[in-house]
Asks: 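If you scroll down you'll find the structure; I have some questions about it.
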Amino acid sequence: MTSLAASVESMEQLATVWRHMVLDRNEDADVRDLPGISVRWADGRFAFWNCVTLTDVGADAALLERRLAEAADIMRSKKYPGFLWIFEDLLRAEARAGLTAAAERAGLTYAFPGTGMAGDLLPVPEPTHPDLTFVRVSTDEHLRAYADLNSRAYGFPLEDGRDGLAGSALWKREVHAYLGLRDGVPVTCAGAVAADGRLFVVLVATDPECERRGYGEAVTRKALHEGARATGLTRATLHATVAGAPVYPRIGFEPNSPLHFYGLR
């Protein structure tokens, strides 16, 4: 797969998976595919479910300027904040060079970077870790623990994270979501969900007090192992934060497009 094709795949996987995630939170969510813009906005307190993505392939500087203004207008119309996702490799060179200035003119501020990743890597062996036992998310208590781990890892208030997952049938039935427990206490989590012939890894988190012990890698392997066993899929995709990016190549993922996340200024 060429670099551009992999970046398009990464963007399309986001649009597909987030459609299900935001409609799970809010059946009246803003889910639209506009020219050059994908809207997946639950308008809830969990900011990751409030998402706008630029989808043009090969956008030049003028088109990028227009899309950023349009995306910012959509974000301003919402009750709750969220993020604009930009896949750098979908932009032409001159648009990439001018992205920071163009975003500022649109009233956007840089939030954090990420990286799209994918690989033909499944199945993976069932993982073990001397500190952990794995439990599939199947109860509201599990969902609360999963949400709290993400809130602590990403710096969200606990109630915001819980708003993103509480009571979800999707996460208990369709997402292969796992908690890693150390001495019975949830310390790490990861999920994998089938989307367009791939497994998409979603909401990987580890308690900040338990990092650098291999927990995130182990629970991600568990989610992929069980997801592949249930679906027979062999390709997986994900979007990694800076903290997570070094982990995933050890599993078999290869990076594609750099990602940029923006919020409203």
Asks: Only distances under 3.5 Å count here; give the side-chain donor-acceptor pairs of residues 97-109 to other protein atoms, sequence neighbours excluded, each with its distance to 0.1 Å.
Replies:
residue : atom : partner : partner atom : Å
R105    : NE   : E65     : OE2          : 2.8
R105    : NH2  : E65     : OE1          : 2.8

Asks: Look only at the side chain of T16 and the backbone of E12, and say whether a donor-acceptor pair between them is shorter than 3.5 Å.
Replies: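 Side chain of T16 to backbone of E12: a pair is present.
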Asks: Report the residue from F48, W85, F46, F83 that forms a ring-ring contact (aromatic ring centres under 6.0 Å, His included) with W18.
Replies: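 The passing option is W85.
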Asks: Donor-acceptor check, side chain of D30 to backbone of W41, threshold 3.5 angstrom: yes or no?
Replies: no
Asks: What residues, two or more places apart in sequence or in another chain, satisfy ring pair (Phe, Tyr, Trp, His ring centres under 6.0 Å) together with H225?
Replies: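 Residues passing ring pair (Phe, Tyr, Trp, His ring centres under 6.0 Å) with H225: none at all.
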Asks: Is it the case that T53 and S38 place a side-chain donor and acceptor less than 3.5 Å from each other?
Replies: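 Absent: no donor and acceptor within the cut-off.
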Asks: Go through it in stages, so that I can follow the logic: the residues are D120 and T234, the test is side chain to side chain donor-acceptor pair (under 3.5 Å), and I'd like the CA-CA distance, side-chain angles, deciding distance and then a yes or no.
Replies: CA-CA 6 Å; D120 296 301; T234 60; 4.9 Å; no
Asks: Could you tell me whether R45 and D160 make a salt bridge, using a distance below 4.0 angstrom between a side-chain N and a carboxylate O?
Replies: yes
Asks: Decide, yes or no, whether a salt bridge links R182 with D131 under the criterion of side-chain N to carboxylate O below 4.0 Å.
Replies: no
Asks: Are more than 12 heavy atoms from other residues, nucleotides or ligands located less than 6.0 Å from atom CZ of R96?
Replies: yes
Asks: Verify side chain to side chain contact (heavy atoms under 4.5 Å, CB included) between V39 and D33, making sure each step is shown before the conclusion.
Replies: CA-CA 6 Å; V39 184; D33 293 302; over 6 Å; no
Asks: Less than 3.5 Å apart, any donor N or O on the side chain of Q13 or T237 sitting next to an acceptor on the other?
Replies: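 Judged by distance alone, the side chains do pair up.
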Asks: Can you name the residues that form a ring pair (Phe, Tyr, Trp, His ring centres under 6.0 Å) with F87, not counting sequence neighbours?
Replies: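 F87 satisfies ring pair (Phe, Tyr, Trp, His ring centres under 6.0 Å) with H239 only.
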Asks: Between D148 and R162, is the closest basic N to carboxylate O distance under 4.0 Å?
Replies: yes
Asks: Compute whether any side-chain donor of one residue and acceptor of the other, for D24 and S168, lie under 3.5 angstrom apart.
Replies: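 The criterion, which ignores hydrogens and geometry beyond distance, is satisfied for S168 and D24.
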Asks: Say whether, by atom type as modelled, one donor and one acceptor occur between the side chain of T188 and the main chain of A205 under 3.5 angstrom.
Replies: yes
Asks: Heavy-atom count around R212 CZ within 6.0 Å, excluding the residue itself: above 12?
Replies: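 Not buried by this count: 12 neighbours or fewer within 6.0 Å.
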Asks: Is there a donor in the side chain of H260 and an acceptor in the side chain of Y110, or the other way round, less than 3.5 Å apart?
Replies: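 Short answer, yes.
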